[in-house]
A.B. asks: 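Below are the C-alpha cells for one structure; questions will follow.
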Amino acid sequence: MGDPARNPVLLTSQDLAALLAALASDGFTLIGPTVRDGAIVYDEIEGLGDLPRGVSDEQAPGRYRLSRRADDALFGHVVGPHSWKRFLHPPAVRLLGVSRDGKALAISPPDCAPPPRYAFIGARPCDLAAIARQDRVFLGGPFVDPTYRALRDGVFVVAVQCGEARASCFCASVGTGPRADAGFDVALTELAVERSFEYLAEIGTDRGAALVAKAGGRKATPEDLERAAAASRRAEAQMTRRLEVDGLREALAASLESPRWEEIAKKCLSCANCTMVCPTCFCATVEDTTDLTGDRAERWRRWDSCFTMDFSYIHGGSIRRSAASRYRQWLTHKLSTWWDQFGASGCVGCGRCITWCPVGIDLTEEAAALRKTARPA
C-alpha cells in the first residue's frame with residue numbers, strides 16, 4: 001500500500017471546509033472557481049461558500065452558458081475562460097521605472113515585495129498539465145523568468161479530478177485527463193452520497209498529507225476508490241472530440257502550403273480569443289510609457305498574441321500579414337514545433353479555444369482536415 005500518509009482519505013463537506021480554512025490560516029491566498037459575469041472564473045475566495053455550488057456549464061464551439069444543476073455539487077462544471085497562468089504569468093508586469101530630476105536619472109527595479117502565496121483550489125487535470133508545460137517554458141531553459149519563478153514557488157495545489165466532460169473537452173485523447181496522477185498536493189474527486197457529497201482526497205506530497213491530516217476524514221475504502229475511478233471513466237466516455245496526436249507533427253510540417261489555411265482564414269476574425277484563453281500560450285510584448293512631463297517612464301511586459309499584426313512586426317512591416325499565415329503560425333507551433341522547443345505538445349485538450357472562438361473554429365477538426373491535405377514526404 002506504500003506510505004500510510006499517502007493513502008486516500010474520504011472527506012465530508014465539513015472536512016473540506018476545514019481544509020480550506022487550514023490553508024488560509026497558514027497564510028495562503030485561496031484562488032478557486034467562482035461565478036462572475038455569467039461565467040466560471042478563477043478568483044480569490046474565502047472558503048467553501050464562494051465556490052459555484054449547484055452550477056453547471058454548457059459548452060460547444062462558440063457557445064458557453066451557465067445553468068443550474070439538480071444537486072449542490074461544488075465542482076459540477078469544467079473549465080471556463082480563465083486559466084491559472086494569469087496568476088503565474090500575469091497579463092501585465094512592470095519591468096522597471098525611470099525618473100528624471102534635473103539632469104539626474106534614477107532607475108527603479110520591479111516591485112520587490114514578497115509575492116502572494118497562492119493555493120489553487122479546483123485545478124483540473126488539463127490545467128495541471130498546462131502548468132507543467134509553462135514550467136518548461138519559464139523555468140526549464142538557461143534563462144529563468146524571475147516573475148514566474150517567484151509566483152510559482154510554494155504554490156499549493158488542490159486539484160479536482162473530472163467526473164464530467166463537456167462537448168469541447170478532448171483531454172483523454174492527448175493524455176492529460178480526465179484524471180491526474182501528479183502535479184498536485186491534494187486531488188479531490190467529488191462523489192454524490194444521498195443528498196450531499198463526499199470528497200475522495202488523494203495525497204500527492206508530504207505537505208498535502210499534513211493538510212489532510214488537519215482536515216480530518218476517514219481512510220478511504222476500496223469501494224470509495226472504485227466510485228472515484230467510475231467517475232473518471234464516465235467523464236472519458238462523455239468526450240466526443242479527439243485530437244489524433246500520432247504523426248501530427250509530421251502531417252502539419254507537410255501541410256504548410258495546404259489550401260485549408262485559406263479556408264480557415266475566411267472564418268477566423270484574428271480576435272486572439274483562442275490565445276487569451278489558452279492555458280499554455282505565453283506570447284508577450286514590451287511597452288514603454290511616459291508621463292506628459294517626460295520626467296517619468298516605465299517599461300511593461302504585457303500579454304500579446306501571434307494573431308496580432310504587430311506581433312511579427314520587423315523593420316517596417318509584419319511578416320505575417322494574412323489571417324491564414326497567423327492561424328498557421330499558431331496551430332503549427334501549438335501542435336508541432338512546441339515538441340522541438342519544449343519536448344511536449346502545447347495543447348492539453350481543455351477545449352477553451354473551441355468554446356471561446358466567436359465563430360466556433362474547432363482545433364480538432366482543423367488538425368484532422370490538415371492531415372488529409374498533407375503532402376507525402
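Worth saying up front: this structure is predicted, and the values here are computed from it rather than measured.
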A.B. asks: Whether the side chain of Ser312 engages the backbone of Arg320 through a donor-acceptor N/O pair (distance < 3.5 Å, no angle test) should be reported.
C.D. replies: yes
A.B. asks: Test of understanding: clusters of I, L, V, M, F, W, Y form through side-chain heavy atoms closer than 4.5 Å, transitively. Do Phe28 and Leu128 belong to the same one?
C.D. replies: no
A.B. asks: Just so I know, are the side chains of Arg296 and Val98 near enough to count as touching, which here means a heavy-atom distance under 4.5 Å?
C.D. replies: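 Side chain of Arg296 against side chain of Val98, heavy atoms only: no contact under 4.5 Å found.
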A.B. asks: Please name the pair of heavy atoms, one in Val79 and one in Cys126, separated by the smallest distance, quoted to 0.1 Å.
C.D. replies: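 It is CG1-SG, 4.1 Å.
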A.B. asks: Would you say the side chain of Tyr42 lies within less than 4.5 Å of the side chain of Thr34, judging by non-hydrogen atoms?
C.D. replies: no
A.B. asks: Charged N to carboxylate O below 4.0 Å: is that the case for Arg53 and Asp71?
C.D. replies: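 The answer is no: the pair does not qualify as a salt bridge.
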A.B. asks: If the plane angle is over 60° it's perpendicular, under 30° parallel, otherwise tilted; pick one for Trp84 and Phe87.
C.D. replies: tilted
A.B. asks: If every non-hydrogen atom of Val78 is compared with every non-hydrogen atom of Ala165, which pair is closest and at what distance?
C.D. replies: CG1-CA, 4.4 Å
A.B. asks: How long is the span from the CZ atom in Arg152 to the CD1 atom in Ile131, to the nearest 0.5 Å?
C.D. replies: 6.0 Å
A.B. asks: Measuring only between side-chain heavy atoms, which start at C-beta, is Leu269 closer than 4.5 Å to Cys357?
C.D. replies: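 SC-SC contact between Leu269 and Cys357 ruled out.
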A.B. asks: Indicate if Leu19 and Ile31 have the same hydrophobic cluster label, given that clusters are the connected sets of ILVMFWY residues with side-chain heavy-atom separations under 4.5 angstrom.
C.D. replies: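 No; tracing contacts between hydrophobic side chains, which count when under 4.5 Å, never links both residues.
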A.B. asks: Is the shortest distance from a Lys or Arg side-chain nitrogen in Glu263 or Arg260 to a carboxylate oxygen in the other one below 4.0 Å?
C.D. replies: yes
A.B. asks: Could you give me the CA-CA distance, side-chain angles and deciding distance for Arg326 and Ser270, then say whether side-chain hydrogen bond (donor to acceptor under 3.5 Å, both in side chains) is met?
C.D. replies: CA-CA 8 Å; Arg326 294 194 293 275; Ser270 292; 3.2 Å; yes
A.B. asks: Begin from the C-alpha positions of Phe282 and His89 and carry the test ring-ring contact (aromatic ring centres under 6.0 Å, His included) through to its verdict.
C.D. replies: CA-CA 8 Å; Phe282 58 87; His89 172 45; 7.5 Å; no
A.B. asks: Using a strict 4.0 Å threshold on nitrogen-to-oxygen distance, state whether Arg301 and Asp145 make a salt bridge.
C.D. replies: yes
A.B. asks: Decide whether Thr308 and Asp310 meet the rule of one side-chain donor and one side-chain acceptor closer than 3.5 Å.
C.D. replies: no
A.B. asks: Would you name the heavy atoms of Cys306 and Phe311 that are closest together and state the gap between them?
C.D. replies: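 Taking every non-hydrogen atom into account, CA-CD2, 3.6 Å.
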A.B. asks: State whether a side-chain donor-acceptor pair under 3.5 Å links Asp185 with Thr205.
C.D. replies: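 The answer is yes; a qualifying pair exists.
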A.B. asks: Does one side chain, of Lys334 or Thr280, offer a donor that lies under 3.5 Å from an acceptor on the other?
C.D. replies: yes
A.B. asks: Without swapping roles, check the side chain of Arg302 against the backbone of Ala92 for a donor-acceptor pair under 3.5 Å.
C.D. replies: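 The answer is no, because no donor-acceptor pair under 3.5 Å joins these two groups.
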A.B. asks: Quick one: CG on Leu11 to CG on Leu16, what's the gap to the nearest 0.5 Å?
C.D. replies: 6.5 Å
A.B. asks: I want to check something: taking the side chain as every heavy atom from C-beta on, are Cys268 and Phe307 in contact at a cut-off of under 4.5 Å?
C.D. replies: yes
A.B. asks: Does a salt bridge link Arg233 with Glu226, judged by any charged N lying under 4.0 Å from a carboxylate O?
C.D. replies: yes
A.B. asks: Between the side chains of Arg234 and Glu236, is the shortest nitrogen-to-carboxylate-oxygen separation below 4.0 Å, so that they form an ion pair?
C.D. replies: no
A.B. asks: Judged by modelled atom types alone, do Arg124 and Ser83 share a side-chain donor-acceptor pair under 3.5 Å?
C.D. replies: no
A.B. asks: Is Lys219 paired with Asp224 through a side-chain N to carboxylate O contact shorter than 4.0 Å?
C.D. replies: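 Between Lys219 and Asp224 there is no salt bridge, as every charged N stays at least 4.0 Å from the carboxylate O atoms.
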A.B. asks: Under the criterion side chain to side chain contact (heavy atoms under 4.5 Å, CB included), I'd like the reasoning laid out for Gln329 against Ile319: C-alpha separation, chi angles, the key distance, then a yes or no.
C.D. replies: CA-CA 11 Å; Gln329 163 64 24; Ile319 63 173; over 6 Å; no
A.B. asks: Between Asp15 and Lys214 (salt bridge meaning N to carboxylate O under 4.0 Å), is one present in this structure?
C.D. replies: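 No, Asp15 and Lys214 are not salt-bridged.
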A.B. asks: Verify the distance criterion only: is there a donor paired with an acceptor across the side chains of Gln161 and Glu202 at less than 3.5 Å?
C.D. replies: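 The answer is yes; a qualifying pair exists.
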A.B. asks: Begin from the C-alpha positions of Ser168 and Thr355 and carry the test side-chain hydrogen bond (donor to acceptor under 3.5 Å, both in side chains) through to its verdict.
C.D. replies: CA-CA 6 Å; Ser168 300; Thr355 294; 2.7 Å; yes
A.B. asks: Whether the Gln59 and Tyr64 side chains hold a donor-acceptor pair (N or O, under 3.5 Å, no angle test) is what I'd like checked.
C.D. replies: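 Tyr64 and Gln59 do not have a side-chain donor-acceptor pair below 3.5 Å.
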A.B. asks: Closer than 4.0 angstrom, basic N to acidic O: yes or no for Asp340 and Arg249?
C.D. replies: yes
A.B. asks: How far apart are the closest heavy atoms of Leu248 and Ala367, and which atoms are they?
C.D. replies: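 Closest heavy-atom pair between Leu248 and Ala367: CD1-CB, 4.2 Å.
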A.B. asks: Nearest 0.5 Å please: distance from the OG1 atom of Thr289 over to the CZ atom of Arg94.
C.D. replies: 9.5 Å
A.B. asks: Less than 4.5 Å apart, any side-chain heavy atom of Tyr118 and any of Phe156?
C.D. replies: no
A.B. asks: Is the shortest heavy-atom distance from the side chain of Pro125 to the side chain of Cys162 under 4.5 Å?
C.D. replies: yes
A.B. asks: Following the transitive rule for hydrophobic clusters with a side-chain heavy-atom cut-off under 4.5 Å over Ile, Leu, Val, Met, Phe, Trp and Tyr, establish whether Phe120 and Ile40 coincide in one cluster.
C.D. replies: no
A.B. asks: For the pair Glu164 and Arg69, find out whether any cationic side-chain nitrogen is under 4.0 Å from an anionic carboxylate oxygen.
C.D. replies: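 Looking at Glu164 and Arg69, the cut-off is met.
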A.B. asks: I'd like to know if the side chain of Ser56 pairs up with that of Arg166 as donor and acceptor (distance under 3.5 Å, no hydrogens or angles considered).
C.D. replies: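 On atom types as modelled, these side chains qualify, holding a pair under 3.5 Å.
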A.B. asks: Calculate, to the nearest 0.5 Å, the distance between atoms CG and CG belonging to Leu88 and Asp135 respectively.
C.D. replies: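 Those atoms lie 8.0 Å apart.
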